[in-house]
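Because the structure is predicted, anything quoted here is derived from the model rather than measured.
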Amino acid sequence: MRLYRIGAVAAGAVMAMAAVVAAQSIGDTEPRALEIEKTAAEAEEPEEQLFWLNSIPPLRHADRALDALDEISPLKFGAESQFVSDWLDEGANGAKHGLQILQTYFTEYSKEVGEFTLGAGFSYFQADTTGRHEGSKTLERDFTVYAPLTWKRFTVAPFWNYLYYDEDPDSGEIGAEFTVDMPLNPSFAWNYDYRELKGSYCEWGVSQDFRLPWRGETVAVLTPSMAMGLDLHKGIEANHLTHLDWGLDLGVPLMRHFVATGMLHFTKSLCRTQDEDGRRVYENILPWAGLKLTMEF
């Protein structure tokens, strides 16, 4: 039911914005906005990309309305919902045996300055569980401020993160993420918990997109990935490699601004740490799967 409600709200928001843009008359629209609206209305869909829902006229108009909004607004907005069988938080099993619902909302501003692109953004993350034994509850809420800086193919994004828990003490983190736009798209992330755990966590990752064609058009994107984590006294007593994760995601572009992605991952523990109740914090081998819905404009 939650999946249906989120999808309905997203579709309603898209069509509402389309109606607002379409309702503007020539007399009350600025010349610049008129030019953008005309260009967006006349633009054809890229021939190499098939957007499955754009055959439905209202959704096609909604996509064009979002294009026009993207041209006018200096801000970028996004929302993502994940429905997964297990939630692995930095390699540790944060929730299992039920449906885990992960939500992310963000807004970001960016500006080109010479060869650099400077940005500033805010994101909100929430993790909910519907486990059979613990019942439905919110596990974590994150409030993050970040500032990406891009030069050519290199991007670094320092951030500050406030973590709110219903049952545990709140905490805070500082850190940065590094990515390179090249084959395998290597990435590195580091954070330091300065308030509660007094430790660091690092993660390396690689991924590669493969477009799947059908009749000359791309109908989906297959993305294999691999990641490895390292815990430096953050939640465990010693420094340990935490896990290896192998993933295979299949993204289907339903609209230009809306993508549905199926996920299948296998996570292998590299650490035998146990919690106070004697349970393994890092599972030996844990397969998990889910569905991700992403909207961005």
Side-chain angles (χ1 to χ4, degrees), residues 2 6 9 74-84 86-96 99-111 117-131 134-150 155-179 187-205 227 229-237 239-240 242-243 245 273 275-276 281-282 290 292-296:
R2 289 191 179 185
I6 290 175
V9 170
L75 297 175
K76 179 174 22 174
F77 301 92
E80 180 180 282
S81 296
Q82 296 188 47
F83 308 88
V84 293
D86 299 82
W87 174 42
L88 274 79
D89 183 15
E90 298 181 348
N93 199 343
K96 61 180 180 177
L99 176 64
Q100 321 307 329
I101 303 174
L102 314 178
Q103 305 175 62
T104 304
Y105 307 92
F106 78 91
T107 180
E108 182 179 317
Y109 171 81
S110 61
K111 182 178 180 59
T117 300
L118 309 178
F122 171 79
S123 70
Y124 170 78
F125 169 80
Q126 179 173 316
D128 297 284
T129 183
T130 60
E134 299 178 346
S136 300
K137 65 177 181 179
T138 298
L139 300 173
E140 179 179 326
R141 297 183 179 93
D142 296 358
F143 304 86
T144 305
V145 178
Y146 60 96
L149 170 64
T150 299
T155 298
V156 56
F159 64 85
W160 172 79
N161 188 20
Y162 175 77
L163 298 90
Y164 174 81
Y165 304 97
D166 289 343
E167 300 178 355
D168 297 320
D170 299 350
S171 193
E173 296 175 344
I174 58 172
E177 296 183 2
F178 305 86
T179 58
S187 65
F188 172 74
W190 162 81
N191 67 63
Y192 173 71
D193 188 310
Y194 60 85
R195 185 172 179 179
E196 182 65 22
L197 299 177
K198 310 289 187 180
S200 296
Y201 174 80
C202 303
E203 187 169 289
W204 296 263
L230 171 66
D231 192 303
L232 303 174
H233 294 282
K234 184 181 179 182
I236 57 179
E237 297 180 354
N239 300 332
H240 284 290
T242 57
H243 71 290
D245 180 82
T273 298
D275 61 14
E276 296 178 355
V281 177
Y282 301 93
K292 177 169 61 177
L293 304 176
T294 305
M295 181 177 180
E296 184 175 314

Closest contact, heavy atoms only, [X] versus [Y]:
X: S200; Y: W190; result: OG-NE1, 3.4 Å
X: H233; Y: D231; result: N-OD1, 3.3 Å
X: Y194; Y: K198; result: O-NZ, 2.8 Å
X: Y146; Y: T107; result: OH-O, 3.9 Å
X: Q126; Y: T138; result: NE2-OG1, 3.7 Å
X: E173; Y: D193; result: CG-CA, 4.0 Å

Whether [X] side chain and [Y] backbone form a donor-acceptor pair below 3.5 Å:
X: D89; Y: G91; result: no
X: T242; Y: G229; result: yes
X: T117; Y: T150; result: no

Test log, rule side chain to side chain contact (heavy atoms under 4.5 Å, CB included), inputs L163 and E196: CA-CA 10 Å; L163 298 90; E196 182 65 22; over 6 Å; no

What's the spacing between [X] [atom1] and [Y] [atom2] if we round to 0.5 Å?
X: E80; Y: M295; atom1: CD; atom2: CE; result: 13.5 Å
X: Y109; Y: L75; atom1: OH; atom2: CG; result: 8.5 Å
X: F106; Y: T144; atom1: CZ; atom2: OG1; result: 12.5 Å
X: E140; Y: Y164; atom1: CD; atom2: OH; result: 12.5 Å
X: S171; Y: Y162; atom1: OG; atom2: OH; result: 9.0 Å
X: E203; Y: S187; atom1: CD; atom2: OG; result: 7.5 Å

Derivation and outcome, side chain to side chain contact (heavy atoms under 4.5 Å, CB included), residues E296 and K76: CA-CA 7 Å; E296 184 175 314; K76 179 174 22 174; 3.2 Å; yes

Between T129 and Q100: side-chain donor-acceptor atoms closer than 3.5 Å: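 Indeed, the side chains of T129 and Q100 share at least one donor-acceptor pair under 3.5 Å.
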
pair Y192-L232: side-chain heavy atoms closer than 4.5 Å: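 A side-chain contact under 4.5 Å is absent here.
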
Test log, rule side chain to side chain contact (heavy atoms under 4.5 Å, CB included), inputs D166 and R141: CA-CA 9 Å; D166 289 343; R141 297 183 179 93; 3.1 Å; yes

Residues S81, F83; criterion side chain to side chain contact (heavy atoms under 4.5 Å, CB included); working and verdict: CA-CA 7 Å; S81 296; F83 308 88; 3.9 Å; yes

Centroid-centroid distance, F143 to Y124, less than 6.0 Å: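 Yes; Y124 has its ring centre under 6.0 Å from that of F143.
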
